[in-house]
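Along the sequence shown, residues are numbered consecutively beginning with 1. Only this structure's heavy atoms are used, side chains among them; waters, hydrogens and symmetry mates stay out. Atoms within a ligand are numbered from 1 in the order they appear, just like the ligands themselves.
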Amino acid sequence: MKILVVGAGAVGGYAAARLLEAGLDVTLLVREGRKRQIAANGLVVLSPSGDYVGHPPLLVAGETGGPFDLAVIASKAYGLPLLLDQLKPYLHSRTAILPLLNGMKHMEQIAEALPGQPLLGGVARIEATLEEDGSIRHLTAMHRYTYGRYRANLTDTEYEIVHQTLSGVSLFSERADIEQDLWEKYAFISVMSGLTTLFQATVGEIRDSEPGLETFRRAFEETERVVRAAGGRLSEGYTNKQMAIVEGMSSASTTSMLRDMTQGLPTESEHIHGYLIELARRHGCPVSLFEVIRQRLAIYETRRSALADRPV
Ligand SMILES: NC(=O)C1=CN([C@@H]2O[C@H](COP(=O)(O)OP(=O)(O)OC[C@H]3O[C@@H](n4cnc5c(N)ncnc54)[C@H](OP(=O)(O)O)[C@@H]3O)[C@@H](O)[C@H]2O)C=CC1
Ligand SMILES: CC(C)(CO)C(=O)C(=O)O
């Protein structure tokens, strides 16, 4: 099976390294700058689960390659429309698409941009970051990518080939109900990215200041109501289960959105919080805390664009 990993950042680069380690046929679709970095230093992963350095084949949009049988997509949501356009020449009609983005809205976007293309669901659970020198730093011991059939648009045989391939890579585990996993991760990341960026604080700092855990509960309750009203599946007692997770989290835990904000990079807030508010309005659910979170991030994005537009 020929695999294309699109985006060699924190999540995609980490996936590519573990797929390559397992001896799979993996090519990376990257942009010029990243190609130069990887060509010079290799694909470098620094991880408590084991470092990796390798020199996988690289493609930049427009170059000849493929077609591939599986395309793993790991860009930020705001880069997705362009990326999907650039991906088309590397697909055949049955190439399976496995997105690893946070959120839910990208599933609709991909289905619209690539009609009829087999689409899997995928969820990345990891804390990782792309360093300035191009290495990928895996920050904690946690790393688990789940995948599964999404709305039955692959044949059993097609799915079995993907499943057989990924079953040799311990990072990846199959989920029978990937749609529920996507909704659960979406609800979780909405709260975690929302609160860490609203306060520009770690989980521990929020937890240990008044009213502490109550703020998490309020955010989880708002999210749970919206997701259920929108028809999303969540496990029984979702909010209580997430509260137990938050209580047990390391004080230093943050989110990729807070890391992006700290570095002055664009955020995925519209994809995550904007979509949650869109669903809340559609289904008549009050989300006063998320209105504030979205406003906070909109102010950040406006300031960021103004700085980016300023002549040097
Ligand atoms: N980082 C984390 O800990 C986690 C992140 N996630 C989610 O995973 C997704 C990816 O995040 P993350 O890996 O952190 O992001 P990064 O910014 O580290 O990586 C994204 C990569 O996509 C590349 N890219 C963007 N557009 C294109 C394109 N058209 N062609 C080729 N490459 C492209 C970027 O290239 P370039 O380097 O050239 O800009 C970049 O290397 C997000 O949805 C995020 O929310 C989920 C779990 C944890
Ligand atoms: C919350 C976390 C670390 C879980 O994987 C995440 O998805 C992110 O920071 O983007």
Side-chain angles (χ1 to χ4, degrees), residues 4-17 27-38 43 45 47 58-63 65 71-90 98-107 109-110 113 122-146 171 181-182 184-197 202-203 242 245-246 249-250 252-263 265-273 275:
L4 183 67
V5 175
V6 191
V11 166
Y14 191 82
T27 299
L28 297 178
L29 181 61
V30 293
R31 296 196 282 209
E32 269 305 336
R34 193 75 183 110
K35 183 179 180 179
R36 277 195 299 276
Q37 237 172 9
I38 297 176
L43 173 68
V45 169
S47 163
L58 304 173
L59 274 178
V60 169
E63 292 177 353
V72 178
I73 301 182
S75 68
K76 288 281 171 51
Y78 46 79
L80 192 60
L82 174 64
L83 179 154
L84 290 174
D85 231 38
Q86 294 175 336
L87 177 61
K88 285 178 190 163
Y90 302 108
L98 172 56
L100 293 173
L101 285 76
N102 273 329
M104 281 308 286
K105 195 176 178 173
H106 60 277
M107 298 304 286
Q109 289 174 297
I110 296 172
V123 173
R125 289 187 172 86
I126 190 166
E127 280 190 61
T129 190
L130 180 60
E131 302 279 13
E132 221 158 280
D133 66 2
S135 58
I136 292 153
R137 187 170 293 277
H138 177 202
L139 299 165
T140 66
M142 172 185 61
H143 61 156
R144 184 160 181 256
Y145 291 11
T146 49
L171 174 66
D181 204 29
L182 272 161
E184 292 198 344
K185 175 69 193 288
Y186 174 53
F188 184 72
I189 196 65
S190 297
V191 172
M192 302 312 285
S193 65
L195 294 182
T196 53
T197 53
T202 64
V203 169
Q242 303 317 298
I245 292 173
V246 171
M249 279 172 85
S250 142
S253 290
T254 59
T255 57
S256 55
M257 197 180 290
L258 177 60
R259 287 192 289 280
D260 289 340
M261 195 182 197
T262 308
Q263 292 170 45
L265 298 171
T267 71
E268 296 180 302
S269 180
E270 269 315 292
H271 183 68
I272 305 282
H273 310 119
Y275 187 59

Taking Glu127 for its side chain and Leu139 for its backbone only, find out whether a donor-acceptor pair lies under 3.5 Å. no
Lys185 heavy atoms within 4.0 Å reach ligand 2 at atoms 4 (C), 5 (O), 6 (C), 7 (O)
Partner set under salt bridge (charged side-chain N to carboxylate O under 4.0 Å, His left out) for Arg125, not counting sequence neighbours: Asp181
Any donor-acceptor pair under 3.5 Å from Lys76 side chain to Glu268 backbone: no
Applying a 4.0 Å heavy-atom criterion (strictly less than), which segment of Ala124 is in contact with ligand 2: side chain, backbone, both, or neither? backbone
Could you label the plane-to-plane angle of the Tyr145 and Tyr14 rings as parallel, tilted or perpendicular, counting under 30° as parallel and over 60° as perpendicular? tilted
Residue Glu127 vicinity, atoms of ligand 2 by number, heavy atom under 4.0 Å: 3 (C)
List for me each residue that meets side chain to side chain donor-acceptor pair (under 3.5 Å) alongside Ser269, sequence neighbours excluded, and say none if there are none. His273
Would you check whether Asn102 has a nitrogen or oxygen atom less than 3.5 angstrom from a nitrogen or oxygen atom of ligand 2? yes
May I ask you to list the atoms of ligand 2 that are less than 4.0 angstrom from any heavy atom of Ser256? 8 (C), 9 (O), 10 (O)
Kindly say whether Asn102 contributes a backbone atom to a donor-acceptor pair with the side chain of His271 at under 3.5 angstrom? yes
Under the salt bridge (charged side-chain N to carboxylate O under 4.0 Å, His left out) test, residues paired with Arg34 that sit two or more places apart: none
Nearest non-hydrogen partners of Ile110 and Ile73, listed with the distance: CD1-CD1, 4.5 Å
Min over Ile126, Thr255, Leu101, Val123 of heavy-atom distance to atom 2 (C) of ligand 2 lands on Ile126
Closer than 4.0 angstrom: is that true for some heavy atom of Met192 and an atom of ligand 2? no
Do any N or O atoms from the side chain of Thr196 and from the backbone of Met192 form a donor-acceptor pair under 3.5 angstrom? yes
Any donor and acceptor pair, going by atom type alone, linking the side chain of Gln37 with main-chain N or O of Glu132 inside 3.5 Å? yes
Please could you name the atoms of ligand 2 that Arg125 approaches to less than 4.0 Å, counting only its heavy atoms? 5 (O)
Take atom CD in Gln263; do more than 12 heavy atoms of anything else shown fall under 6.0 Å from it? yes
Between the protein and ligand 1, are there any N or O atom pairs that come within less than 3.5 Å of each other, and if so, what are their names and distances?
unit_1   : atom_1 : unit_2 : atom_2 : d
ligand 1 : 1 (N)  : Ala128 : O      : 2.9
ligand 1 : 3 (O)  : Ile126 : O      : 3.2
ligand 1 : 3 (O)  : Ala128 : N      : 3.0
ligand 1 : 3 (O)  : Ala128 : O      : 3.2
ligand 1 : 3 (O)  : Arg259 : NH2    : 3.1
ligand 1 : 6 (N)  : Asn102 : ND2    : 3.4
ligand 1 : 13 (O) : Ala10  : N      : 3.2
ligand 1 : 13 (O) : Val11  : N      : 2.8
ligand 1 : 15 (O) : Lys76  : NZ     : 3.4
ligand 1 : 17 (O) : Lys76  : NZ     : 3.4
ligand 1 : 18 (O) : Ala10  : N      : 3.0
ligand 1 : 29 (N) : Gln86  : OE1    : 2.9
ligand 1 : 38 (O) : Arg31  : NE     : 3.2
ligand 1 : 39 (O) : Arg31  : NH2    : 2.7
ligand 1 : 41 (O) : Gly9   : N      : 3.4
ligand 1 : 43 (O) : Asn102 : N      : 3.1
ligand 1 : 43 (O) : Glu268 : OE1    : 3.3
ligand 1 : 43 (O) : Glu268 : OE2    : 2.8
ligand 1 : 45 (O) : Asn102 : ND2    : 2.9
ligand 1 : 45 (O) : Glu268 : OE1    : 2.5

Please identify which atoms of ligand 2 are closer than 4.0 Å to at least one heavy atom of Ile189. 1 (C), 6 (C), 7 (O), 8 (C), 10 (O)
For ligand 2, the portion of Met257 having any non-hydrogen atom under 4.0 Å away: neither
